[in-house]
Novice: 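Here it is: the structure, laid out below.
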Amino acid sequence: MADPKGFLTTGREVAETRPVGERVRDWNEVYVPGSLLPIISKQAGRCMDCGIPFCHNGCPLGNLIPEWNDYAYREDWAAASERLHATNNFPEFTGRLCPAPCESACVLGINQPAVTIKNVEVSIIDKAWDANDVTPQAPDRLSGKTVAVIGSGPAGLAAAQQLTRAGHTVAVYERADRIGGLLRYGIPEFKMEKRHINRRIEQMRAEGTKFRTGVEIGRDMPATALRNRYDAVVIAAGATTARDLPVPGRELAGIHQAMEYLPLANKVVEGDFVAPPITAEGKHVVVIGGGDTGADCVGTAHRQGAASVTQLEIMPKPGEERNPGQPWPTFPMLYKVTSAHEEGGERVYSVSTTHFEGDEDGNVQFLHLIEVEFVEGRLTQKPGTERRIPAQLVTLAMGFTGTDVENGLVSQFGLDLDERGNIARDADFATNVDGVYVAGDAGRGQSLIVWAIAEGRSAARGVDRYLTGASSLPAPIRPTDRSLVV
């Protein structure tokens, strides 16, 4: 194990963030470069190497956390990287973006602050890249089989990399102009700089994976043509149908889905625009939705120079400690202050939007809301609590309801959907159409990046077995597995 007394003698320390006044003036990651290295070995030494490491249960990838904690404590970074990559294709993504259900399940977290698993993970992979330990792993021989992957988010990329390394010829189709899916255009630069995606894409190209951008299956290419061209297809198109807010005034200009707003800011950083077509500059901004996507909108609005930022959440404010109904090792709903919230703005809980109010030119100017409360298990409006707040830019960040069915992909393949509107699949991640598989949010519904990567890895095993009759690829999860929650 690591330091036998580390968890008794060393307190929890996390990555240091840059001053707010500095970081809101640029799009670089919020953390101080190199701030983890002086502390991370001792932090890894806090791992207890407990007999039953529940962090494995919290993480759907089955990451070998005590093992790479031990190597990180001993500063054997090459060995730590090998153990990290044994279960995770893209630890630099999860180490920056995952909400860390592994830390919620950490045994030390029963009565002490949990091990900083995410920080250890990202330190290992960053050291590996710096030491040139991350190299292409091209297959020894080709199988002669071809696979198309639809979507280049974490599920699609993980499936593609696994299948390429198994010897199949894989082409990834992405409807956007760059590879990465929501990693590219849904995650702001200040949370993950896109250079991390770019170098993984170059690694995958060197391994043999092909990439086709600007091709939307169903619109630009019929799904049937794709199926006829390849021996198997993996659909990893995500759950991109955004939940809307059908209240009076929704048609006013200045009200946008989060995924209409956030990609434009990323395109400015990519150099596609000098200024984004939708901007918060000088405006009173309201973000509807209290999750991570809402926080991304908050941080983006700060960097664009918003006059004010208000984030609305229909649910009550969570507590700062576990409540008895969400015991260890489940993933608790806690009050979370992200880097975007540290930068300013107001957060308002237990409110519901009733309607929008615009000016004579059809631009949104105000949002009307009312307080809500739970009465006999149902959300009920509280009379006399109505008010309006300034709103010249509104972003809707209320989650997603399922995969896109308007582009023709589902109907052209003839795919069955489940009762939640996701693409139905069997135990091998296979759909009702022979040779067509589904991974990630398109089959699971909106979920976390670790689940997407785990889905991609597991679906790859199903495809490999379909093509060759057997597979040695790992399958960390089943389609029916769910997060460790109450």
Novice: Apply the side-chain hydrogen bond (donor to acceptor under 3.5 Å, both in side chains) test between N198 and each candidate in Q203, R184, R178; give the one that qualifies.
Specialist: R184
Novice: May I have the step-by-step check of side-chain hydrogen bond (donor to acceptor under 3.5 Å, both in side chains) for S339 and T17, ending in yes or no?
Specialist: CA-CA 8 Å; S339 64; T17 54; over 6 Å; no
Novice: Does G440 offer a backbone N or O that forms a donor-acceptor pair with the side chain of E455 under 3.5 Å?
Specialist: yes
Novice: Could you go step by step and tell me if F190 and N28 meet the side-chain contact (heavy atoms from CB on, under 4.5 Å) rule?
Specialist: CA-CA 5 Å; F190 60 82; N28 300 330; over 6 Å; no
Novice: Output, in order, the C-alpha distance, side-chain angles, deciding distance and verdict of side-chain hydrogen bond (donor to acceptor under 3.5 Å, both in side chains) for S308 and H284.
Specialist: CA-CA 5 Å; S308 69; H284 297 289; 2.8 Å; yes
Novice: Side-chain contact, heavy-atom cut-off 4.5 Å: V285 with T310?
Specialist: no
Novice: Strictly below 4.0 Å, N to O, side chains only: are D404 and R175 in salt-bridge contact?
Specialist: yes
Novice: Under 6.0 Å from the ring centre and within 45 degrees of the ring axis: does the NZ or CZ of K317 meet both conditions for the six-membered ring of Y335?
Specialist: yes
Novice: Between I235 and I423, is a side-chain contact (heavy atoms from CB on, under 4.5 Å) present by the stated rule, with each step listed?
Specialist: CA-CA 9 Å; I235 299 173; I423 299 173; 4.0 Å; yes
Novice: Test side-chain hydrogen bond (donor to acceptor under 3.5 Å, both in side chains) on Q446 and D441 and set out the steps.
Specialist: CA-CA 5 Å; Q446 181 183 352; D441 291 1; over 6 Å; no
Novice: Tell me whether R461 is salt-bridged to D464, with the criterion being a basic N under 4.0 Å from an acidic carboxylate O.
Specialist: no
Novice: Is it true that R83 and D76 make a salt bridge, defined as a side-chain N closer than 4.0 Å to a carboxylate O?
Specialist: no
Novice: Which of these, R199, R200, R195, sits in a side-chain hydrogen bond (donor to acceptor under 3.5 Å, both in side chains) with E92?
Specialist: R200
Novice: Has the side chain of D481 got a donor or acceptor atom that lies under 3.5 Å from a matching backbone atom of R478?
Specialist: yes
Novice: Please name the pair of heavy atoms, one in Y73 and one in G45, separated by the smallest distance, quoted to 0.1 Å.
Specialist: CD1-CA, 3.6 Å
Novice: Got E75 and K127 here, is their nearest side-chain heavy-atom distance under 4.5 Å?
Specialist: no
Novice: Looking at every non-hydrogen atom in both residues, tell me the closest pair between F331 and S104 and how far apart they are.
Specialist: CD1-OG, 3.3 Å
Novice: For K336, is there an ion pair with D292 - N to carboxylate O distance below 4.0 angstrom?
Specialist: yes
Novice: Quick one: pull up CD1 in I288 and OG1 in T353 and give me the separation to the nearest 0.5 Å.
Specialist: 3.5 Å
Novice: G290 and E313: which non-hydrogen atoms are nearest, and at how many Å?
Specialist: N-OE1, 2.9 Å
Novice: Output the distance between atom CG (N266) and atom CG (L183), rounded to the nearest 0.5 Å.
Specialist: 11.0 Å
Novice: Under a 3.5 Å threshold, yes or no: a donor from one side chain and an acceptor from the other, between Y349 and Q311?
Specialist: no
Novice: Which distance, rounded to the nearest 0.5 Å, do you find between the OG1 of T300 and the CD of Q304?
Specialist: 6.5 Å
Novice: Is it the case that over 12 heavy atoms from other parts of the model lie below 6.0 angstrom from the CD atom of E281?
Specialist: no
Novice: Please determine whether a side-chain nitrogen of the Lys or Arg among R18 and E29 lies less than 4.0 Å from a carboxylate oxygen of the Asp or Glu.
Specialist: no
Novice: Any side-chain heavy-atom pair from V147 and T169 closer than 4.5 angstrom?
Specialist: no
Novice: Report yes if some heavy atom in the side chain of E13 is under 4.5 Å from a heavy atom in the side chain of I40; otherwise report no.
Specialist: no
Novice: Would you call E371 and R387 a salt bridge, taking side-chain N to carboxylate O under 4.0 Å as the test?
Specialist: no
Novice: Do other residues, nucleotides or ligands put more than 12 heavy atoms under 6.0 Å from the CE atom of M333?
Specialist: no
Novice: Judged by atom type as modelled, is there a donor-acceptor pair below 3.5 Å linking the side chain of S471 to the main-chain atoms of L473?
Specialist: yes
Novice: Mark yes or no: R425 above the aromatic ring of Y437, with NZ or CZ under 6.0 Å from the six-membered ring centre and no more than 45 degrees from the axis.
Specialist: no
Novice: Which atom names give the shortest non-hydrogen contact between L334 and P318, and what distance separates them?
Specialist: C-CB, 3.6 Å
Novice: Starting from the C-alpha separation in whole Å, work towards a yes-or-no answer on side-chain contact (heavy atoms from CB on, under 4.5 Å) for I187 and L262.
Specialist: CA-CA 8 Å; I187 301 297; L262 292 173; over 6 Å; no
Novice: Apply side-chain hydrogen bond (donor to acceptor under 3.5 Å, both in side chains) to E174 and T213, showing your working.
Specialist: CA-CA 5 Å; E174 168 57 52; T213 57; over 6 Å; no
Novice: Looking at T164 and V170, would you say the former's side chain and the latter's main chain have a donor-acceptor pair under 3.5 Å?
Specialist: no
Novice: Under a 3.5 Å cutoff, is there a donor and acceptor pairing between the side chains of H85 and S81?
Specialist: yes
Novice: Quickly, which of K267, K194, R303 forms a salt bridge (Lys or Arg N to Asp or Glu O under 4.0 Å) with E189? Name it, please.
Specialist: K194
Novice: Should K191 and D296 count as an ion pair when the cut-off is N to O under 4.0 Å?
Specialist: yes
Novice: Where is the tightest heavy-atom contact between P66 and H56, given as atom of each residue plus distance?
Specialist: CD-NE2, 3.3 Å
Novice: If you round to the nearest 0.5 Å, how far is CG of L8 from CG of D3?
Specialist: 9.0 Å
Novice: Heavy atoms, side chains only, cut-off 4.5 Å: are F54 and W328 in contact?
Specialist: yes
Novice: Heavy-atom count around I52 CD1 within 6.0 Å, excluding the residue itself: above 12?
Specialist: no
Novice: Salt bridge check: are E103 and R12 linked by an N-O gap of less than 4.0 Å?
Specialist: yes
Novice: How long is the gap from CG on N88 to CH2 on W68, to the nearest 0.5 Å?
Specialist: 8.5 Å
Novice: Any heavy-atom pair between the side chains of I477 and R457 that's under 4.5 Å?
Specialist: no
Novice: Please determine whether the number of non-hydrogen atoms from other residues, nucleotides or ligands lying under 6.0 Å from atom OH of Y31 exceeds 12.
Specialist: no
Novice: Can you name the nearest heavy-atom pair linking F90 to A158, along with the distance?
Specialist: CE1-N, 3.5 Å
Novice: Taking 4.0 angstrom as the limit, do E121 and K118 come out as a salt bridge?
Specialist: no
Novice: Rounded to the nearest 0.5 Å, how far apart are CD of Q162 and CG of L157?
Specialist: 11.5 Å
Novice: Would a 4.5 Å heavy-atom cut-off, applied to side chains only, mark L36 and Q43 as touching?
Specialist: no
